[in-house]
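We name chains A, B, ... by the order of the sequence lines, and we start the count at 1 in each one.
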Amino acid sequence: MRLSQFFLPTVKEEPADAVVASHKLMIRSGMIRQLTSGVYSYLPFGLRVFRKIEKVIREEMNAIGGEEFHLPALSPNELWAQTGRLDDYGDTIFRIKNRELVLAPTHEEVFTSIAKLNLISYKDLPKIWYQIQTKFRNEARPRSGVLRGRQFTMKDAYSFDSSWEGLDISYDKHAQAYRNIFTRCGLNFYVVTAFSGAMGGSDSEEFMVESDAGEDNIVVTENNSYCSNIEVAVSYAEKVERKNSNLQAEEFHTPNIKTIEELSKFVNTENDWTRLAKSRIFVNGDSYVLTLVCGDDEVSETKLQNIFGQNIRPGHPEELMEITGADAGSIGPLKITNDKITVVADLRLEDADELISGANKNDYHFRNIDFKRDVPSIKYYDIRTVKDGELTQDKKDKIRITKAIEVGHIFKLGTKYSEALGSTFLDEQGNSHPIIMGSYGIGVERIAAAHIEQNHDKFGIIWNGEIAPFDVVLICANTNNKKMFKQATGFYNKLKNSVDILYDDRVEVRAGIKFNDADLIGIPYQVIVSEKNLERGKIEVKERKTGKRYFIDSQNFLNNFLALLIAINVDKRVKKDSTFNPYEHNLSVKPNLYFHISSNHKKFQIEKRLWEILLGFRNKYILAESKFDEKNRIIGIEVDNQEILECKPSTLKALYRRTYHHDFKIILPK
RNA sequence: CGGAGCGUAGCGUAGCCCGGUAUCGCGCCAGUUUUGGGAACUGGAGGUCGCAGGUUCGAAUCCUGCCGUUCCGACCA
């Protein structure tokens, strides 16, 4: 692509409305422009990135047997009423004013309605159906550019199975496909267990990219032994010790004491708040739930939803007096007169005694509360939110809480939608059952935004993985120099057959602007043709990520350059149908991933672990070779001549398959 | 939906408190000189100051309403 004919409106100054780095850089690099709040126009440069992401998604979805659809964004209100989601979604769903239609925020209903008519026998199952399509959600507060928009592109997939075991298989396929997708997109991500109650499902995992721009909080450990959304995370938390002193509970005056901190000072327990049982009132339809957690803990509303259902909500301050007889700060588990209140406490407080809590009378508390003795009807659940630095449940690792961007989410839905819409199949005995479903989503623009959040510097974006809009930008420093212009144009005409290349042939644009634009738009490799280089018979190649410059002889530049690309980046950037054959060249630079694989093993299955480890090395210069035992079976892989990663043959085979999928070329031993 | 801010040329802004027909930078157009890290000089184009109403001899500026937009919170497969 010639830049002189490519619409790339870069901007030098920071846009005033943008706060997060990805939003600023998407505007500055000419990827997007805002049309109205939460709605963005995609310009050619941005569209290239989104299309590349979609390509990766399509390949991985097709690889697990997915079939691509394209469903309407408009759908009838009635369909949504059948599953109850017209009301559940509330204001988040866009409604058409002059027809009984909505703009779909997701497509469980529409896909299921197709399944209902066509997937009618166990022989029709299983199926994986997906689409990449525009979704509409009337977000109350769009923010951070495309990270939370009212219109966005989503890959949504749905699995249809005849058994729960089948659902597990479909789900696991997606779990692996998603790992492949985000890895190929150049993201560092966590796979966390997630809340699934709202979708009516059981298992659920989210794919999270760590970033300060994220809206979720996740809990991870150093070695990824435990990864969870904070909404459902658990940790090791010491129980409050039972003292068995059998002191009588007694009311005492606590004038103007509203918070745990004030209470701790008042009763001289400033260093230990654990026996100050903190009460909160939640409204659950017609009834109420009084929760108790240690004073230094917070109750998790998501955990309450898991226990009591999705509609539970915190009581409004003005409701509390009517429900309990006291305002916030004086509520407690004793002397409850309202029989609609259920009392629950966190597991840390199980059978605890000598507790202090509110008296359900303003400015009064009780001390020496013994849950076992005084609140016999109390129920215990895990309802606390974990805290940074706590130990995991097995006490082996320390947890860290960090912000993250949700780029993907996979669900085991079960039969909620198939039952609601009557989508059933006949089994081998002729009995009818609802189809068992899964639902799997990926945010396309979010991948790009998350990638930029993780890969940028003060000069601009640094694309890596397979989503770079171009592989190479060729810069002709000065088009007024006819000889130079001619040479650069010649390189362009030949290179465009082998790599995705953007040719900065703009006339009357100074070199400095071209260099700065190239850094801003973040294309991985810059090829610079200039007078300075021409005099020395060299062409300059700059690696955007490292700033490292290579100087290549101009006589045999094309082949040498492609060889360099292969050497510094594995050959995935060189197109498969390129006329250039990398193996005819002696590479003078050590490759960063180069390994031998035995071809003896025919059967293999994917094992993710080694792949993840190897990908951790992908930006380093490493040499990896497989190790064999005495029977010439692969037992491991050696990296940089020192680190041996043990693995099974099947793992290496999987690696082979994955690299094949990546357009890497495995070099087989001769 | 609660709280706060902003709306002036394509972009970024000054002016507003204290009323007198709009500042500066970038960009854009023409010309000359430059040409490896966002050039210099000269000349030029471009603005119903978000919209509507009000106060006033006079409103970007003061008042009222509305709209848009951003941030914090609430909310959120």
Side-chain angles (χ1 to χ4, degrees), chain A residues 9-20 23-24 27-28 30 33-39 83 85 88-93 104-109 135 137-145 147-150 152 154 156-158 194-201 204-207 215-216 229 231 301-302 305 310 313-314 316-317 406-413 416-417 437-443 458-460 475-481 484-485 504 506-520 526 528-536 540 542 547 549:
Chain A
T10 56
V11 333
K12 187 161 67 173
E13 294 181 79
E14 295 230 317
D17 285 347
V19 176
V20 302
H23 187 193
K24 288 177 185 169
I27 288 171
R28 292 225 295 131
R33 288 292 185 269
Q34 178 167 316
L35 183 61
T36 183
S37 183
V39 181
T83 55
R85 289 213 294 180
D88 290 351
Y89 259 102
D91 202 41
T92 304
I93 198 163
T106 173
H107 278 79
E108 277 80 8
E109 280 83 355
K135 296 283 188 274
R137 288 183 197 179
N138 184 24
E139 293 289 350
R141 185 148 97 78
R143 71 188 89 181
S144 307
L147 275 176
R148 176 168 294 270
R150 294 206 168 111
F152 57 97
M154 184 188 230
D156 49 322
Y158 306 87
F195 177 59
S196 51
M199 290 293 289
S204 160
E205 284 164 299
E206 289 165 331
F207 293 77
E215 298 181 77
D216 284 272
N229 194 307
E231 291 182 334
E301 293 182 23
T302 311
Q305 285 181 24
Q310 214 200 328
R313 62 163 176 87
H316 302 306
E406 179 189 344
V407 290
H409 200 160
I410 56 177
F411 275 97
K412 291 184 183 174
L413 280 184
K416 174 176 172 177
Y417 296 92
M437 293 174 57
S439 154
Y440 317 89
I442 290 181
K458 63 179 177 178
F459 301 110
I475 297 170
C476 179
N478 183 356
T479 54
N480 290 333
N481 182 324
M484 189 201 303
F485 199 10
D504 194 343
R506 290 176 295 180
V507 298
E508 304 292 322
V509 174
R510 300 170 65 82
I513 293 175
K514 294 185 177 183
F515 294 142
N516 282 316
D517 270 348
D519 285 347
L520 173 62
Q526 301 170 11
I528 301 161
V529 178
S530 72
E531 276 163 351
K532 204 167 79 181
N533 291 325
L534 264 182
E535 284 166 15
R536 294 192 295 147
E540 180 178 345
K542 177 185 166 187
R549 293 172 196 271

| message | So, under a plain 3.5 Å distance rule, would you say the side chain of A/Arg137 forms a donor-acceptor pair with the base of B/C76? | response | no

| request: Go through the steps for A/Glu531 and A/Asn481 under the test side chain to side chain contact (heavy atoms under 4.5 Å, CB included), then give the verdict. | output: CA-CA 8 Å; A/Glu531 276 163 351; A/Asn481 182 324; 2.8 Å; yes

| said: For A/Ala511 and A/Arg143, find the nucleotide of RNA chain B closest to each by heavy atoms; which residue's nucleotide sits nearer the 5' end? | reply: A/Ala511

| said: Taking 4.0 Å as the cut-off, does a side-chain nitrogen or oxygen of A/Arg141 come that near to OP1 or OP2 on B/C72? | reply: yes

| Under a 3.5 Å cut-off for both distances, is B/G10 Watson-Crick or wobble paired, and to whom? | B/C26

| query | Which of these nucleotides, B/G38, B/U69, B/G12, is closest to any side-chain atom of A/Asn516? | reply | B/G38

| said: As a test of reading the structure: which of B/C75, B/U35, B/G37 is closest to the side chain of A/Arg549, going by heavy atoms? | reply: B/G37

| task | Report the base-pairing partner of B/G31 (Watson-Crick or G-U wobble, both distances below 3.5 angstrom), or none. | result | B/C41

| request: Could you check which of B/U35, B/G38, B/G37 has an atom nearest any side-chain atom of A/Phe515? | output: B/G37

| Given that A/Asn480 and A/His409 both sit by RNA chain B, which one's nearest nucleotide is further toward the 5' end? | A/Asn480

| A/Ala16 side chain: which of B/G38, B/U13, B/U69 is closest? | B/U13

| query | Starting at CG of A/Leu147 and ending at C1' of B/U70, how long is that distance when rounded to a whole Å? | reply | 16 Å

| said: Just the rounded figure in Å: distance from C1' of B/G25 to CD of A/Glu14. | reply: 16 Å

| field | Candidates B/U69, B/C26, B/A39 - which lies nearest the side chain of A/Ile513 | value | B/A39

